[in-house]
Amino acid sequence: MVSNNKWALLIGINKYPNLPPHRQLSGCVNDVKLINKVLEENFSFPEKNITCLLDEQATRQGILTALQELIDRVNRDDIVVIHYSGHGSWMTDREGDKPDGKDETIMPYDTGRAPHENRDITDDELYEWLLRLSEKTRYITLIFDSCHSGGIVRDPFGASDRWVEPDTRPIEQLPPSPVSTTRSSAGTRDIGSSGWLPMSDRYVLIAGCTATESSWEYSKREGNGEIPHGALTYFLCKELRSVQSGTTYQDIFQRVSIQVTAYKSVQHPQMEGAEDRELFNVHDIEPMRFVSIGDRKDNKVILRAGAAHGMTEKSEWAIYPEATKQIDKQTPKLGKVKITAVRAVTSDAEILEENSLGVITIGSRATEEAHFYWEMHLKVNIQVPTDYDVAKEKLIEKIQESKLLRFAQDDETADVMVYIIARRTEVSSDAPVPQLGVVDQPTWVVIGNNGQVIMPTRPVDEVGATIKLRENLEKIVRYKSVLALENANSESLLNNKVKLTLKRQAPDGSWVEAQPDNHSGQIVFEDGDRVILEVENLHKDPIYIYILDLGLASGVTQLYPIKGANQEFKPGKHNIGIREGEYIELYLPEKFPYVPSSNDSSLVGGIETFKLFATTYRTDFSWLLKEGVRQGFGEQPPNINKPLEQLLDIALTGNGNREARVVTIPADEEWTTVQSSFWLKPKMS
């Protein structure tokens, strides 16, 4: 078996002859010596394969030549490390591919600011070099212990930072761009949080700080003096000295970033790329999904994830040691926490269990054991004339029996208003439900928060009217709950891996993607139209597909597959609705709309939604959609080990609304949702 060669280019610049005295540095050459020693002694990089450029060796041409020589020497799938310690800055964007008009730069020994020539090397130049190198190997590590922020002013007291004022001279006063205009003309390109390069799995980038911060120097006392280093390089090498086999970039970066920020609270190192790759190696390690502990005080911890990541209060998380990569029955658990408050990107939690005092520390890894889903129900208000208290009490009783309905509190806004409209021969300007017009007999009417009638009206004296009202209200909450269902785990392996496309039949009989109407901006179909659904599986493995139809009348029905059936969808595109027996035809509900809100017939119709559930395991929705499910499960209760079935149970039956709604999440089961909505209107004559 042929081993992968290891190569390194290490650049350290303390001296800048074209910069003023206060912009000279002291720790960059030490950084190179330190990282060189670590790579040789701890990671077996051959001395002959390590190139060091120090001070006057690290001119613009010297760096570019060394980068090109590296491309020439590297073989297929070799391991490459580039380390730069020196000044960073930015200059006017000459290629027009940056939204902010700035190019991030590293500063060679011979560069300067006006009146000296700018000989900075831009991120665009580094990017083109990286593309060429990555054609030969994807195992590239870039470490930039510099900064490139234009918004930091260094206080003269304290440690030195590695930043130089930006070069804001206009393009005509700068050297011509060496970057290919063909690439940059393709438009702007995204950059990572470090400000440098677009994220990719073909390399790992570790940067000293964010694009709006400075990287600082750190002095370590040894003997009678102090030895300066870059803070990132010092703490990185300190951790690299003690790594174990199988340690990933993610593992070590988690420890290093905490130490750097503890030293300088205004410096936050960044990492982009293949973070789950073994250090300076070719092995990618499949990670477990986790949230790290960012801080601890007494019995409270802060998790580094918040509302933006799908965190919810009352959810429970198991805690494992730092660097844990996979969980099985033998994996030691440190304890358990419960989320008490959720902010945008962090969450507070209280420790429920701990194996021994203080074992849960900063850097420990948390995985969700039970997710808390907010209650799914409809808030109802009732308004009736004084002569109809008996009918009102009957409806109140029916609503109180429901697990899906409750009355709005005084400080809440109701989702629906239920009226009794007494007989009337004319409509005043302040009358409720004016669109109902003249009323011949006392009538139940339900209005949604859009002001429109949302279900069929019923005479007050109709037998079983209050039961039918409750059933229709429950139908609405089921509809809303299923429509809102999504996987709260933002790191699900199926996220963005499934696409759903509606297709209509063209005049020549072919099927084409349905496009939005030019006037309304919505996809529009007519009563009786036939459609097909194209499902694309972008996941690496087969998945199971279930499609529910959320209709105009707030009904929830299973569109595909036949109830109780399961079919694997391999990676690729699949069409549903083409084969005989799978035809999908669209129909308006009977008597829809219940009360027209406009005389304009073009506005008649409503929104229908097809919602796709994709899972990595077989499931069964049919028990939830059968008649009689409102009274119980019959012979097919939900599988309590399947999170999706538990959620559908809550959404469609209300089970859990009045008890704990904590849903256990098995680590090996993935699911996601995709939906497509369209406007369905009567067929034009």
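Side chain of E217 to main chain of G27: a donor-acceptor pair is present (N/O by atom type, distance under 3.5 Å, no hydrogens or angles). Distance alone, capped at 3.5 Å, is enough to place a donor-acceptor pair between the D78 side chain and the N5 backbone. Side chain of T261 to main chain of I258: no donor-acceptor pair is present (N/O by atom type, distance under 3.5 Å, no hydrogens or angles). Side-chain N or O atoms of Q254 include none that pairs as donor or acceptor with a backbone N or O of S257 at under 3.5 Å. With hydrogens and angles ignored, the 3.5 Å screen pairs no side-chain donor or acceptor of S292 with any backbone N or O of S364. In terms of modelled atom types and a separation under 3.5 Å, the side chain of S676 and the main chain of F610 share no donor-acceptor contact. At least one donor-acceptor pair closer than 3.5 Å links the side chain of T248 to the backbone N or O of D251. At distances below 3.5 Å, at least one donor-acceptor pair connects side-chain atoms of S134 with backbone N or O atoms of L130. Although no hydrogens or angles enter the test, the distance criterion places no donor-acceptor pair under 3.5 Å between the side chain of E275 and the main chain of Y249. At least one donor-acceptor pair closer than 3.5 Å links the side chain of N537 to the backbone N or O of H539.
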(message) Working note: Y218 + Y263, criterion ring-ring contact (aromatic ring centres under 6.0 Å, His included); need CA distance, chi angles, decisive distance, verdict.
(response) CA-CA 8 Å; Y218 172 87; Y263 166 66; 4.9 Å; yes
(request) Show your working on side-chain hydrogen bond (donor to acceptor under 3.5 Å, both in side chains) between D31 and H229 and close with a plain yes or no. (result) CA-CA 6 Å; D31 285 350; H229 289 283; 3.3 Å; yes
(request) Begin from the C-alpha positions of D145 and T233 and carry the test side-chain hydrogen bond (donor to acceptor under 3.5 Å, both in side chains) through to its verdict. (result) CA-CA 7 Å; D145 199 345; T233 300; 2.7 Å; yes
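In this structure, R365 is not positioned above the aromatic face of Y320 in the sense of NZ or CZ being under 6.0 Å from the six-membered ring centre and within 45° of the axis.
Residue N49 holds its CG atom at 12.0 Å from OG of S44, rounded to the nearest 0.5 Å. Rounded to the nearest 0.5 Å, atoms OG1 (T141) and CD1 (I143) are 6.5 Å apart. One finds the OG atom of S347 at 8.5 Å from the CD atom of E313 (value rounded to the nearest 0.5 Å). Interatomic distance, OH of Y139 versus CZ of R76, reported as 10.5 Å (0.5 Å rounding). Of the inter-residue distances, the one linking E568 atom CD with D541 atom CG reads 9.5 Å to the nearest 0.5 angstrom. Atoms CD1 and OG1, on I252 and T247 in that order, are 7.0 Å from each other to the nearest 0.5 Å.
Using cut-offs of 30° and 60° for the angle between ring planes, the Y84 and F144 rings count as tilted.
Contact check on E239 versus R255 returns a salt bridge, with a Lys/Arg side-chain nitrogen under 4.0 Å from an Asp/Glu carboxylate oxygen. Using a 4.0 Å cut-off between charged nitrogen and carboxylate oxygen, E41 and R241 count as a salt-bridge pair. The residues K333 and E369 are annotated as salt-bridged, a charged nitrogen and a carboxylate oxygen being separated by less than 4.0 angstrom. We find that R343 and D348 are joined by a salt bridge, their nearest charged nitrogen and carboxylate oxygen being less than 4.0 Å apart.
Residue C209 comes nearest to Q267 through the heavy atom pair CB-CG, 4.1 Å, listed as atom of the first residue, atom of the second, then distance. Taking every heavy atom of both residues into account, I11 and V32 meet most closely at C-CG2, 3.5 Å.
Tested against V535 for a side-chain contact (heavy atoms from CB on, under 4.5 Å), the candidates L500, I543, N575, T501 yield a single pass: L500. Looking at D549, V556, V674, L550 one by one, the single match for side-chain contact (heavy atoms from CB on, under 4.5 Å) with K611 turns out to be L550. For the side-chain contact (heavy atoms from CB on, under 4.5 Å) test with L240, the passing option among N42, L34, I35 is I35; the others fail.
Taking H283 as the reference, nothing meets the ring pair (Phe, Tyr, Trp, His ring centres under 6.0 Å) condition, with sequence neighbours excluded.
Sorted by first and then second residue, the salt bridge (charged side-chain N to carboxylate O under 4.0 Å, His left out) pairs involving residues 354-363 (not counting sequence neighbours) are R296-E354.
Ring centroid separation for the pair Y546 and F613 does not come in under the 6.0 Å cut-off.
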